[in-house]
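Scope of the values below: all heavy atoms of this structure, side chains included, with no hydrogens, waters or symmetry mates.
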Amino acid sequence: MRVLVVDDDTLVAISLKTILESDKSIEVLAVGSSGEEAIELYKNHKPDVLLMDIRMLGMTGLEAGEIILKDDKDAKILYLTTFMDDEYIVKALTIGAKGYILKQDFEGIIPALNAVYGGQSVFGKDIVDKLPELMNKKNEFDYTAYDISDKEQEIIEEVAAGYSNKEIAGRLFLSEGTVRNYISTILEKLQLRDRTQLAIFYYKNK
């Protein structure tokens, strides 16, 4: 796995590089110290995963991540921060980051990287527990304005609850192929990238 590390604290960045390279399957391509540098390094190296801090001088990690993801929608960004700030969490999820974990959980960094590299989204339990509260709004969202049917709303709720396509198929008496088609159509109608963004959209507009 080819990883890019960006953190404006040089000591932290070097420590992260040391921790990651203790795993023989991980290669740290480069170390950066700012949002601007993250963008440039990402373009030059095209890492498998970008491990990046959020609070940095000048451009933040969130701002850099948004620019990177607009240019490469398949970019895998894992945020590593000391701050469980509500606004940061929502922003990270909204732009399409693959993970948000706390630096204090240093033992979980490599497993989180492996999960993101494998295509999973990784958010700490504390963060997942906060999502309904963070995303909930009082006004009910008008799905009909986006041509979302009742059945599609049902699929959205199942995805937001964390069920897999196979589980949704069983619960709603549909085939897995039908569920996949529903989700693809829903993502297109709502102009969302993936299941994670769909779940966030649901909680944000519940």
Side-chain angles (χ1 to χ4, degrees), residues 1-56 59-131 134 162 192-200:
M1 181 189 355
R2 300 160 63 253
V3 178
L4 180 63
V5 174
V6 178
D7 194 300
D8 67 348
D9 185 322
T10 304
L11 182 59
V12 170
I14 293 173
S15 297
L16 285 171
K17 184 176 187 295
T18 301
I19 291 170
L20 298 184
E21 291 187 333
S22 67
D23 186 315
K24 300 302 182 185
S25 68
I26 297 176
E27 176 189 2
V28 177
L29 300 171
V31 174
S33 60
S34 68
E36 292 88 350
E37 205 172 353
I39 296 169
E40 191 63 30
L41 288 171
Y42 187 88
K43 287 180 182 176
N44 293 338
H45 294 281
K46 292 292 183 182
D48 295 315
V49 183
L50 168 57
L51 181 64
M52 179 161 55
D53 191 14
I54 289 181
R55 282 193 186 179
M56 295 187 285
M59 181 182 289
T60 69
L62 291 169
E63 291 168 337
E66 188 167 19
I67 291 170
I68 290 169
L69 283 161
K70 281 181 179 177
D71 186 56
D72 179 5
K73 63 181 179 61
D74 296 320
K76 293 176 179 177
I77 300 176
L78 174 61
Y79 284 111
L80 181 65
T81 179
T82 53
F83 305 97
M84 196 163 75
D85 185 290
D86 292 355
E87 184 180 346
Y88 292 166
I89 295 169
V90 172
K91 182 66 174 178
L93 291 165
T94 302
I95 66 174
K98 294 301 181 184
Y100 185 118
I101 58 175
L102 299 177
K103 287 180 179 177
Q104 294 89 316
D105 182 26
F106 65 92
E107 291 181 350
I109 296 173
I110 290 177
L113 278 171
N114 284 324
V116 169
Y117 179 54
Q120 299 178 44
S121 293
V122 179
F123 297 93
K125 183 179 182 302
D126 290 342
I127 292 168
V128 172
D129 289 344
K130 287 169 71 72
L131 286 181
L134 295 180
L192 299 173
R193 184 180 294 114
D194 52 31
R195 296 171 69 96
T196 301
Q197 285 200 336
L198 181 57
I200 299 309

Residue pair Leu80 / Val12, side-chain heavy-atom distance below 4.5 Å: no

Set of residues satisfying side-chain hydrogen bond (donor to acceptor under 3.5 Å, both in side chains) with respect to Arg193, sequence neighbours excluded: none

Residues Asp72 and Tyr42: side-chain donor-acceptor under 3.5 angstrom: yes

Working for side chain to side chain contact (heavy atoms under 4.5 Å, CB included), residues Met52 and Ile77: CA-CA 7 Å; Met52 179 161 55; Ile77 300 176; 4.2 Å; yes

Spacing of Ile109 atom CD1 and Glu107 atom CD [to the nearest 0.5 Å]: 10.0 Å

Contact summary for Ala112 and Leu78, nearest pair of heavy atoms: CB-CD2, 3.9 Å

Pairwise salt bridge (Lys or Arg N to Asp or Glu O under 4.0 Å) hits with a residue in residues 40-55, at least two apart: Asp53-Lys103

Nearest non-hydrogen partners of Met59 and Ile39, listed with the distance: SD-CD1, 3.5 Å

Closest non-hydrogen atom pair, Ala64 against Gly35: CB-O, 3.4 Å

Value rounded to 0.5 Å, distance of CG in Leu102 from OG1 in Thr81: 7.0 Å

Contact check, side chains of Leu20 and Leu51, non-hydrogen atoms, under 4.5 Å: yes

Heavy-atom donor-acceptor pair, Glu27 side chain to Met1 backbone, under 3.5 Å: no

Atom of Ala30, atom of Leu41 and distance for their closest heavy-atom approach: CB-CD2, 4.1 Å

Spatial distance of atom CD1 (Ile110) from atom CG (Asp23) [nearest 0.5 Å]: 5.0 Å

Gap separating the CD1 atom of Ile95 from the CD atom of Glu63, nearest 0.5 angstrom: 10.0 Å

Carboxylate-amine/guanidinium contact Lys98 Asp194, below 4.0 Å: yes

Smallest separation among heavy atoms of Val31 and Lys17, with atom names: CG2-CD, 3.8 Å

Smallest separation among heavy atoms of Gly65 and Tyr79, with atom names: CA-OH, 3.5 Å

Separation of Glu37 CD from Asp8 CG (nearest 0.5 Å): 11.0 Å

Side chain to side chain contact (heavy atoms under 4.5 Å, CB included) between Ile54 and Lys91, intermediate numbers included: CA-CA 11 Å; Ile54 289 181; Lys91 182 66 174 178; over 6 Å; no

Validation row: Tyr117, Val3 side chains within 4.5 angstrom (heavy atoms): no

Point-to-point distance, once rounded to the nearest 0.5 Å, from CE of Met56 to CG of Asp9: 11.5 Å

